[in-house]
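To start, the structure itself, in structure tokens.
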Amino acid sequence: MLERVFLQILNMSFTASIVIAFVLAVRMLLQKAPKVFSYALWSVVLFRLICPFSFESVFSLLPTKANPISQEIIYMQVPKIDTGIEAINNSVNVILPAATLQASVNPLQTLIFIGSQLWLLGAAALLVYSLVMLFRLKKYLRDATLCQDNIFISSKIETAFVMGIFCPKIYLPSNLNKTEQSYILLHEQTHIKRNDHIVKLLSFLILCIHWFNPFVWIAFYLSGKDIEMCCDEAVIKRLGNDVKKDYSASLLTLATGRKIVGGTPLAFGEGDTKGRVKNVLNYKKPAFWVVLAAIITVVFVVIGLTTSPKKVPKGMPDTAYPVEDLWNARTKYVGDNSAVGNLIGLLPVPMGLQYDHFELQTSSQPYKVEIVYSVPTELLAEYDRENSSAANSFRANALFLLALIENADEVQATLTDGGRKVDFTNSREWADHTVDGDVRDYARSPEKLQELIDFIGSGTTEETVEEEYSIMKLGKNGEVLFKYSSETQSLARAIIMNAAVKSAAWEGVDITTLEECYRIRQTFPQTQEIHDFYAYRLKDGTAVLQSGEVGQYSILSDDLYKTLTKYVISPDADGDSLSVKNTNYNLSLTAGELRHTEEVVRNYFTTEAPYYEGIVSIELMPDDDDQYKNPDIEGNYEAGNIIIYKVLTGRDEKDHNPQRSVSVARDSKEADWKVINQGY
């Protein structure tokens, strides 16, 4: 609990530091304006230092994210922060310790625990010091004489101040003459009238919380100066410019006294005497335009710094969609190269990619827009493995293009490293289903387009994809031993979530070398994405869940693993477990193997059989398809060595032919995949 509070304090302190830097810059611009405007600016700093939340706005002036440190950072194998500024991210992330297999706990957890203890100790020390100073001051004031109301005179102090919260008292030194006393008394009464004594206390308590941040100390000191100067100006404004000389002399008289109030938040009255005198002597009623400009500046800064940058969809850079520009750039035809190019240029480029070019399909339906991105090989592999999260940015852009181009049927994003390619294709039917209506309705006005932006930003496009689960028990070399019933969906989901929240992950093993493991397959039917997880026990008996055949594993709840072993469907009565294996063709292949077989089919109709003019659509056939029972061809292959697709080629579409069945098989686990049969 303490560690989470400490991480939140770090987030607030980081954001407040950026805000303080802004305030210092604006404060310099307001030097000629009344100090009440500088004083008002510090309210933004107080808000950022004390409130763990803020509102999002496109008018935010913050260049960083409000919460750069995730509460889950102590559970990350490779911890990192995300401030929104790459230079800061790179500088900090490189020194954050990663989780290691040898460590009994995540080293970052240890550091954050130690940091939270030091933070608490520092805050307590500052509070204790303040209370000690307060008690010492009270000893000086035992013999203070009540003058009237809440005003006291003391011969043991040589400076004036206010002390107290609910019933604040004013203490004046006895060496002031009547004139000086009247000026200083009015100054302290103005403090009380404005509740400055409460603001000062709140500021000090916040300083105790953020004591480790030097920016907060600077803000505390300068805000105190602005409080005093603001109060001085209020007194001059009330008494008139004729008293400036005598009032300044009163300040100098107090400045010669011994400072005993410093460090005591319940008693204050001191400040930068030299600066205050200079400010008093230079003070004059500001011109109307100066006041107006100051008001506009303060309002603009307060709104800009109390709000945080508006979030954009995951995978997109922190760039807001230009609503007006997108709406003005809409077009009726895919064939309008210039208009389509303008639209694409207005869309954010997904992180880590570089826009290359676009291609248009206009000769026949589907009228298609293809956007090609260049990507480093290592990042291409990452996008290929993490299809679900990576595709989110392309889905967002596809929604805009399908909304803004009236006759567009499909939008495809193609990632290439110069050799391999990864495609993300979205159709108009998908877009209409996602927004629950005709997506083109969102191009009727900028206001409607803003609704689409809000829709995407909420993450709703991801909510249309529902996952399905299946579980199998595997033996050595991936042999399917047992099949689980379809009633284990909640168990599979619970296992994946249980391992996902663990504090660290380590390099896994080659699953095919294990004598026994359990494969949990996560499938997204609408996007045809497949993710495989493997549960097994380490040599020391620890239950783990590994992502992918050679991925990383996290610790799994032992109770969940024991439950996993209870739900298996027994083999047939004759004990022939292969009968189970032979009926699960799709489930017998990993996600990587399925992708590879699809590439074999695509390559066949592109290079080996170019007559068919490539593939328009490809669909994985279910395990109960009759083709798997064909004794002449498919029947010769066991599950794990054959897979069947339904394919519509470019030539078949032109000739109005139906989809054809395409079988891909291999003679053994070590052999290459090849197309063995294709036809209607």
Side-chain angles (χ1 to χ4, degrees), residues 56-60 309-375 390-416 423-462 464:
E56 293 182 2
S57 170
V58 295
F59 301 107
S60 176
K310 195 172 182 64
K311 293 179 181 177
V312 296
K314 184 179 179 181
M316 291 292 192
D318 294 333
T319 305
Y321 288 97
V323 183
E324 291 286 346
D325 292 340
L326 281 172
W327 187 72
N328 291 330
R330 66 196 187 284
T331 180
K332 293 185 176 182
Y333 305 109
V334 171
D336 191 338
N337 292 50
S338 178
V340 173
N342 288 339
L343 279 173
I344 294 174
L346 293 170
L347 299 175
V349 176
M351 291 273 190
L353 307 185
Q354 182 175 348
Y355 169 72
D356 191 56
H357 67 281
F358 71 92
E359 297 179 1
L360 305 178
Q361 166 64 39
T362 59
S363 57
S364 61
Q365 287 187 300
Y367 301 124
K368 181 177 179 180
V369 178
E370 180 183 6
I371 311 171
V372 182
Y373 299 95
S374 298
V375 56
N392 190 36
S393 56
F394 303 122
R395 293 188 187 113
N397 282 350
L399 276 176
F400 280 104
L401 293 177
L402 290 167
L404 297 167
I405 305 174
E406 288 187 10
N407 74 329
D409 296 318
E410 290 183 1
V411 174
Q412 175 176 306
T414 298
L415 282 65
T416 177
D423 295 329
F424 298 91
T425 302
N426 295 108
S427 65
R428 179 168 298 284
E429 290 74 18
W430 162 82
D432 292 345
H433 175 74
T434 299
V435 301
D436 196 22
D438 193 336
V439 72
R440 285 170 293 195
D441 289 343
Y442 288 90
R444 288 191 280 108
S445 67
E447 291 74 20
K448 290 292 295 180
L449 202 56
Q450 183 62 53
E451 291 181 20
L452 184 59
I453 292 175
D454 296 338
F455 180 86
I456 292 173
S458 69
T460 310
T461 56
E462 285 294 319
T464 60

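FYI, the numbering just counts along the sequence from 1. Since we're looking at a predicted model, the values are computed, not measured. FYI, side chains are in, hydrogens and waters are out, and symmetry mates aren't considered; it's all heavy atoms of this structure.
With sequence neighbours excluded, the residues satisfying salt bridge (Lys or Arg N to Asp or Glu O under 4.0 Å) with Arg440 are Asp438. Listed by chain and residue number, Glu451 satisfy the side chain to side chain donor-acceptor pair (under 3.5 Å) test with Lys448 (two or more places apart in sequence, or in another chain). When the side-chain contact (heavy atoms from CB on, under 4.5 Å) test is applied to Glu429, the partners found at least two apart in sequence or on another chain are Ser427. Legend: residues meeting side chain to side chain donor-acceptor pair (under 3.5 Å) with Glu410, ordered by chain and number and at least two apart, are absent. Ser363 is linked by a side chain to side chain donor-acceptor pair (under 3.5 Å) to Gln361, counting only residues two or more places apart in sequence or in another chain. For Asp336, there are no salt bridge (Lys or Arg N to Asp or Glu O under 4.0 Å) partners two or more places apart in sequence or in a different chain. In this structure Thr331 satisfies the side chain to side chain donor-acceptor pair (under 3.5 Å) test with no other residue, sequence neighbours excluded. In terms of the side-chain contact (heavy atoms from CB on, under 4.5 Å) criterion, residue partners of Glu406 (sequence neighbours excluded) are, by chain and number, Lys332. Scanning for side-chain contact (heavy atoms from CB on, under 4.5 Å) contacts around Ala408 gives Val334, Leu402, Ile405, Arg428, with sequence neighbours left out.
Judged by distance alone, with hydrogens and angles left aside, the side-chain atoms of Asp432 form a donor-acceptor pair with the main-chain N or O of Val439 at under 3.5 Å.
Here the closest heavy-atom approach between residue Phe358 and residue Gly341 is recorded as CE2-CA, 3.7 Å. For the pair Ala443 and Ala403, the tightest heavy-atom approach, listed with the atom from each and the gap, is CB-O, 3.3 Å. Across every non-hydrogen atom of Thr362 and Gly335, the tightest pair is CG2-CA, 3.6 Å.
In this structure, the side chains of Leu343 and Val369 stay at 4.5 Å or more apart for every pair of heavy atoms. A heavy-atom distance below 4.5 Å is not found between the side chains of Val340 and Leu401. Between Asp356 and Thr416, every side-chain heavy-atom pair lies at or beyond the 4.5 Å cut-off. The shortest distance between side-chain heavy atoms of Val435 and Leu452 falls below 4.5 Å.
The environment of Tyr333 atom OH is sparse: at most 12 non-hydrogen atoms of other residues, nucleotides or ligands sit within 6.0 angstrom.
Annotation: the span from Gln412 atom CD to Thr425 atom OG1 amounts to 3.5 Å, rounded to 0.5 Å. Note that the CG atom of Leu449 and the CH2 atom of Trp327 stand 10.0 Å from one another [nearest 0.5 Å]. Here the straight-line distance linking atom CG of Leu415 with atom OH of Tyr373 works out to 8.0 Å at 0.5 Å rounding. We find the CZ-CD1 distance between Phe400 and Ile344 to be 14.0 Å, quoted to the nearest 0.5 Å. Expressed to the nearest 0.5 Å, how far CZ of Arg395 lies from CG of Asn426 amounts to 6.5 Å.
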